[in-house]
Trainee: 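Could you have a look at this structure, given as structure tokens, before my questions?
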Amino acid sequence: MIDLKALRDDPDTARASQVARGADPALVDELLAADERRRALLSSFEQQRAEQKELSRSIGKAAPEERQAVLGRARALAEQVKDAEAQADEAARELDTLLWQMANVVADGVPPGGEDDFVVLREVGAPRDFEAEGVAVRDHLELGEGLRAIDTERGAKVSGSRFFFLTGVGAQLELALLNMAMDKATAAGFSPMITPTLVRPAIMAGTGFLGAHADEIYHLETDDLYLVGTSEVALAGYHSDEILDLSDGPRRYAGWSACYRREAGSHGKDVRGIIRVHQFHKVEMFTYVSEADAAAEHERLLALEEEMLAAVELPYRVIDTAAGDLGSSAARKFDCEAWLPSQQRFLELTSTSNCTTFQARRLGVRERTAEGETRPVATLNGTLATTRWIVAILENHQQADGSVRVPQALQPYLGGRTVLEVQA
RNA sequence: GGAGACGUCGCAUAGUCAGGUCUAGUGCGCAUCCCUGCUAAGGAUGUGAGGGUGUAAGCCCUCCGUGGGUUCAAAUCCCACCGUCUCCGCCA
């Protein structure tokens with residue numbers, strides 16, 4: 001959630017942020033009004049409560065003859081206090097409801113607008129000229145089937161649409177990718193983590209995923225648990241309600257987990273193959289860092305993502321996501337999109353968000369300052385590899401006969417294999 | 001699934017049966033200072049979180065796993081829930 005004090009001091013920035021996101025700036029003024037109301041009612045309650053406590057204490061030592069009179073007054077006061085408390089509570093609830101509706105304030109420099117208003121920061125690597133090479137481009141599913149690596153038909157039979165099996169070399173390829181990502185993260189100082197994929201409502205809400213896109217999330221009614229769409233959720237919850245010591249630097253984690261997405265709003269989109277699926281695997285970087293160092297950490301996560309993309313030799317571009325396409329928790333987001341030869345377009349492979357103190361406030365993650373005070377930390381996350389990367393790797397490294405070249409950096413993770421051969 | 005024990009301000013604990021200076025005590029740890037001096041010890045003071053108010057010093061409120069309830073008054077009594085541990089059963 002946003003910082004109420006900052007909102008009070010500088011409502012214009014918050015209003016501008018709402019406008020950039022395409023959200024309603026009036027929410028800011030509703031918040032200010034609700035905050036003022038809450039503080040007034042709280043002060044009133046606290047004053048009456050102090051009075052009541054004092055009177056109540058005097059009963060124990062009151063002389064027997066005046067006891068009844070004091071008791072009578074105390075009873076009346078108790079009624080009054082109960083009423084004042086109810087009013088203060090109600091005002092606090094109203095404020096809270098508004099507070100949880102408000103998305104993070106976007107960072108300076110984020111392009112305003114919606115999904116299509118991103119800014120391309122750079123393009124790296126050139127797409128192959130398949131025509132010149134004499135290669136008739138196959139899409140990832142055709143390639144995957146030829147390699148006996150992907151089986152979507154049986155995925156549908158067993159689990160429904162948007163499910164699949166990775167078979168044989170396909171399974172090995174995913175493990176290779178994810179292991180390489182874990183190694184890379186570990187080398188960069190991230191602690192490897194294998195996280196729960198079912199989380200409590202408070203954790204899911206704290207990360208900001210239960211807002212506008214709540215229908216994207218699987219919910220297990222019987223147990224009131226949510227299936228995570230990314231290990232970010234579990235990693236953000238990991239230090240919830242804790243006060244961290246970040247004086248030795250940020251806490252960095254690399255989460256390995258299955259991820260689940262309902263894809264409720266994407267009927268008919270990316271229905272072929274494994275581009276958009278209900279379940280996949282991902283290695284996710286997650287950092288807890290002092291707010292002042294958050295922007296630098298964001299660059300660091302982005303750099304690691306680009307290193308991974310370079311390691312698997314994919315042409316890609318980096319985009320600065322527009323305000324309206326940011327998640328509610330993010331103040332800024334960079335996506336890396338790989339070139340997809342079969343569709344002649346870019347496909348998102350990584351996404352790194354700076355959530356500033358937004359998630360930390362909701363989840364109660366703070367740090368101890370040098371002065372001994374507490375303050376909310378900043379949280380950031382970024383993708384290091386996912387099942388979807390297989391799509392881009394197969395397509396970009398395909399050869400004329402339907403076999404696929406293995407990028408050099410990946411070869412050690414595939415037993416030294418240099419080519420994935422077509423299977424009979 | 002059954003039976004039981006437990007959940008207190010970093011850690012360890014007192015307090016709960018008998019509701020009222022508990023305005024949560026003590027030890028350890030930690031911080032500052034003092035004394036002294038030689039691989040250290042002793043003493044003093046301070047030391048949870050969140051919030052309201054105030055220029056400030058300060059004053060005040062909330063929190064004893066969570067949420068309700070009883071009462072003038074709840075760490076303490078009642079109810080529900082959550083979590084941890086032990087034993088039994090069942091399943092992998």
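What you see below is based on every heavy atom in this structure, not just the backbone, and it leaves out hydrogens, waters and symmetry mates. Naming: A, B, ... by sequence-line order, numbering from 1 per chain.
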Trainee: Could you identify the nucleotide paired to rU71(B), looking across every strand shown and requiring Watson-Crick or G-U wobble geometry with both distances under 3.5 Å?
Mentor: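 Its partner is none (no Watson-Crick or G-U wobble pair with both distances under 3.5 Å).
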
Trainee: Should rG50(B) form a Watson-Crick or G-U wobble pair with both distances under 3.5 Å, which nucleotide is its partner?
Mentor: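 By the stated definition (distances under 3.5 Å), rC61(B) pairs with rG50(B).
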
Trainee: List for me each residue that meets salt bridge (charged side-chain N to carboxylate O under 4.0 Å, His left out) alongside Arg276(A), sequence neighbours excluded, and say none if there are none.
Mentor: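 Checked Arg276(A) against salt bridge (charged side-chain N to carboxylate O under 4.0 Å, His left out); matches are Glu263(A), Asp270(A).
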
Trainee: With rounding to the closest Å, how many angstrom separate the C1' atoms on rU45(B) and rA49(B)?
Mentor: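 Taking atom C1' in both rU45(B) and rA49(B), they lie 23 Å apart.
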
Trainee: Under the side chain to side chain contact (heavy atoms under 4.5 Å, CB included) rule, collect the residues that match up with Thr167(A), sequence neighbours excluded.
Mentor: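 Listed in chain order: Asp151(A), Phe165(A).
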
Trainee: Can you tell me, in whole Å, how much space there is between the C1' of rU36(B) and that of rG29(B)?
Mentor: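 Nearest-Å result for rU36(B) against rG29(B) at atom C1': 24 Å.
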
Trainee: With no angle test and no hydrogens, is the base of rG51(B) tied to the side chain of Glu46(A) by a donor-acceptor pair under 3.5 Å?
Mentor: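 Such a pair exists between side chain and base.
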
Trainee: Please tabulate the protein-to-nucleotide N/O contacts below 3.5 Å involving nucleotides 71-78 of chain B, giving atom names and distances.
Mentor:
residue: rC72(B); atom: OP1; partner: Arg75(A); partner atom: NH1; Å: 2.5
residue: rC72(B); atom: O2; partner: Ser56(A); partner atom: OG; Å: 3.1
residue: rA73(B); atom: O4'; partner: Ser56(A); partner atom: OG; Å: 2.8

Trainee: Check the interface with nucleotides 53-59 of chain B: list each N/O to N/O pair with the protein under 3.5 Å, or write none.
Mentor:
residue: rU53(B); atom: OP1; partner: Arg39(A); partner atom: NH1; Å: 3.2

Trainee: Counting only Watson-Crick or G-U wobble pairs whose two distances fall under 3.5 Å, which nucleotide matches rU55(B)?
Mentor: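 Matched rU55(B) with nothing under the 3.5 Å cut-off.
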
Trainee: Check the surroundings of atom CZ in Arg8(A): do more than 12 heavy atoms from other residues, nucleotides or ligands lie under 6.0 Å from it?
Mentor: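 Atom CZ in Arg8(A) is crowded, with more than 12 foreign heavy atoms closer than 6.0 Å.
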
Trainee: What's the gap between rC35(B) and rC30(B) when it is taken at their P atoms, as a whole Å value?
Mentor: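 After rounding to an integer number of Å, I get 22 Å for this pair.
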
Trainee: Identify the nucleotide, in any strand shown, that forms a Watson-Crick or G-U wobble pair with rC9(B), with both distances under 3.5 Å; if there is none, say none.
Mentor: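 Answer to the pairing question: none, since rC9(B) forms no Watson-Crick or G-U pair.
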
Trainee: Could you tell me how far apart Glu85(A) (CD) and rG52(B) (P) are, to the nearest whole angstrom?
Mentor: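 From Glu85(A) CD to rG52(B) P: 17 Å.
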
Trainee: Expressed as a whole number of Å, how far does the C1' atom of rU66(B) sit from that of rA12(B)?
Mentor: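 Rounded to whole Å, the distance is 24 Å.
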
Trainee: How far does the P atom of rA73(B) sit from the matching atom of rC34(B), given to the nearest Å?
Mentor: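 The same atom, P, in both gives a distance of 50 Å.
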
Trainee: Taking atom C1' in both rA14(B) and rC72(B), what distance in whole Å separates the two?
Mentor: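 Here rA14(B) and rC72(B) have their C1' atoms 28 Å from each other.
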
Trainee: For rU23(B), what is the paired nucleotide under Watson-Crick or G-U wobble rules, both distances under 3.5 Å?
Mentor: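 WC or wobble partner does not exist here.
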
Trainee: Measure the distance from CG on Asp241(A) to C1' on rC82(B) and round it to the nearest whole Å.
Mentor: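 Going from CG in Asp241(A) over to C1' in rC82(B) covers 14 Å.
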
Trainee: For rG25(B) and rC77(B), measure between their C1' atoms and round to the nearest Å.
Mentor: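 Looking at atom C1' only, rG25(B) and rC77(B) are 23 Å apart.
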
Trainee: Using the six-membered ring wherever Trp is involved, compare the ring planes of His278(A) and Phe163(A) and label them parallel, tilted or perpendicular (cut-offs 30° and 60°).
Mentor: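 Taking Phe163(A) first and then His278(A), their aromatic rings sit tilted (interplane angle of 30° to 60°).
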
Trainee: My understanding is that a pair needs two contacts under 3.5 Å, Watson-Crick or G-U wobble. By that rule, which nucleotide pairs with rA18(B)?
Mentor: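 WC or wobble partner does not exist here.
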
Trainee: Salt bridge check: are Asp12(A) and Arg15(A) linked by an N-O gap of less than 4.0 Å?
Mentor: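 Salt bridge present between Asp12(A) and Arg15(A).
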
Trainee: I need the CZ-P distance between Phe45(A) and rG51(B), as an integer number of Å.
Mentor: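 It works out to 17 Å between those atoms.
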
Trainee: Tell me yes or no: between the side chains of Thr186(A) and Asp183(A), is some donor less than 3.5 Å from an acceptor?
Mentor: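 No donor-acceptor contact under 3.5 Å links the two side chains.
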
Trainee: Is the closest basic N to carboxylate O distance between Glu306(A) and Arg122(A) below 4.0 Å?
Mentor: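 A salt bridge links Glu306(A) with Arg122(A).
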
Trainee: Check Asp108(A) with Arg332(A), please: is the shortest side-chain N to carboxylate O separation under 4.0 Å?
Mentor: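 Salt bridge flag = no for Asp108(A) with Arg332(A).
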
Trainee: So, using side chain to side chain contact (heavy atoms under 4.5 Å, CB included) as the criterion, who are the partners of Arg300(A) when residues are at least two apart?
Mentor: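 In terms of side chain to side chain contact (heavy atoms under 4.5 Å, CB included), with neighbours along the sequence ignored, Arg300(A) is linked to Ala188(A), Phe190(A), Arg252(A), Glu297(A).
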
Trainee: Do we see a donor-acceptor contact under 3.5 Å between the side chains of Gln411(A) and Thr418(A)?
Mentor: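 There is no such pair (donor and acceptor under 3.5 Å, judged by atom type) between the side chains of Gln411(A) and Thr418(A).
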
Trainee: Between atom CD in Gln47(A) and atom P in rC60(B), what is the gap in whole Å?
Mentor: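 Whole-Å distance recorded here is 13 Å.
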
Trainee: Taking atom C1' in both rA74(B) and rA5(B), compute the distance separating them and give it to the nearest angstrom.
Mentor: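 One C1' to the other, the span is 24 Å.
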
Trainee: Under 3.5 Å for both donor-acceptor distances, Watson-Crick or wobble: does rU36(B) have a partner, and if so which one?
Mentor: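 By the stated definition (distances under 3.5 Å), nothing pairs with rU36(B).
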
Trainee: Can you tell me the distance, in whole Å, between the CG atom of Asp89(A) and the P atom of rC61(B)?
Mentor: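 It is 16 Å, rounded to the nearest whole Å.
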
Trainee: Mapping Ala50(A) and Lys82(A) onto RNA chain B by nearest heavy atom, which one lands closer to the 5' end?
Mentor: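 By nearest-heavy-atom nucleotide position, the 5'-most residue is Ala50(A).
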
Trainee: Check the pair Glu284(A), Ser257(A) against side-chain contact (heavy atoms from CB on, under 4.5 Å), reporting the backbone distance first and the verdict last.
Mentor: CA-CA 8 Å; Glu284(A) 175 94 339; Ser257(A) 84; over 6 Å; no

Trainee: Answer yes or no: is there an ion pair linking Arg388(A) with Glu348(A), defined by an N-O contact shorter than 4.0 Å?
Mentor: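 Salt bridge between Arg388(A) and Glu348(A), a charged N being under 4.0 Å from a carboxylate O: no.
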
Trainee: Does the pair Arg405(A)/Glu313(A) count as a salt bridge with the N-to-O cut at 4.0 Å?
Mentor: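 A salt bridge links Arg405(A) with Glu313(A).
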
Trainee: Taking NZ, NE, NH1 and NH2 as the nitrogens, is one of them in Arg39(A) or Glu36(A) under 4.0 Å from a carboxylate oxygen of the other?
Mentor: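 Between Glu36(A) and Arg39(A) there is no salt bridge, as every charged N stays at least 4.0 Å from the carboxylate O atoms.
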
Trainee: Please name the nucleotide paired to rA31(B) by Watson-Crick or G-U wobble geometry with both distances under 3.5 Å, or report none.
Mentor: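 Partner of rA31(B): rU45(B).
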
Trainee: Without decimals, in angstroms, what is the distance between Glu36(A) CD and rG52(B) C1'?
Mentor: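 It is 14 Å, rounded to the nearest whole Å.
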
Trainee: Quickly work out the Lys53(A) NZ to rC60(B) C1' distance and round it to whole Å.
Mentor: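 Result: 9 Å.
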
Trainee: Show each protein N/O and nucleotides 46-49 of chain B N/O combination with a separation under 3.5 Å, one pair to a line.
Mentor:
residue: rA49(B); atom: OP1; partner: Arg368(A); partner atom: NH1; Å: 2.7
residue: rA49(B); atom: O3'; partner: Arg366(A); partner atom: NH1; Å: 2.7
residue: rA49(B); atom: O2'; partner: Arg366(A); partner atom: NH1; Å: 3.4

